[in-house]
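Notes for the one structure printed next.
Because only heavy atoms are used, hydrogens play no part in the values below, and waters and symmetry mates are left out as well, while side chains stay in.
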Amino acid sequence: METIKTALFETLVESATPDETGGYTFTLEGKTYHIQDTLEISKIAQQHGYIIIY
């Protein structure tokens with residue numbers, strides 16, 4: 001049986017923290033990403049197999 005992973009976009013965005021470069025640090029499933037725009041979070045979450053709920 002396959003597990004379906006879902007995430008609320010708003011919750012993911014709230015977990016991103018501003019960094020010193022003017023971008024954000026975002027961590028998902030133990031992997032840290034340095035992003036410039038919070039809209040990148042959707043793509044990252046989808047790569048981890050999440051269905052995003054807006």
Polar contact flag, side-chain donor to acceptor under 3.5 angstrom, Thr27-Thr32:
yes
Phe9 and Thr11, any side-chain heavy atoms less than 4.5 Å apart:
no
For a quick test of your reading: what N or O donor-acceptor pairs under 3.5 Å do the side chains of residues 38-47 make, sequence neighbours left out?
from: Glu40; atom 1: OE2; to: Gln36; atom 2: N; distance (Å): 3.0
from: Glu40; atom 1: OE2; to: Asp37; atom 2: N; distance (Å): 3.0
from: Ser42; atom 1: OG; to: Tyr54; atom 2: OH; distance (Å): 2.9

Could you work out the complete set of other residues in the hydrophobic cluster of Leu8, with links drawn between I, L, V, M, F, W and Y side chains under 4.5 Å apart?
Ile53
Using the side-chain contact (heavy atoms from CB on, under 4.5 Å) rule, take Lys5 and Ile51 through it: C-alpha gap first, then chi angles, then the decisive distance, then the call.
CA-CA 6 Å; Lys5 299 185 286 186; Ile51 296 171; over 6 Å; no
Give, for atom CG of Asp19 and atom NE2 of His34, the distance between the pair rounded to the nearest 0.5 Å.
7.0 Å
Can you list everything that forms a side-chain hydrogen bond (donor to acceptor under 3.5 Å, both in side chains) with Tyr24? Sequence neighbours excluded, please.
none
Near Glu10 CD, under 6.0 Å, is it more than 12 heavy atoms from other residues, nucleotides or ligands?
no
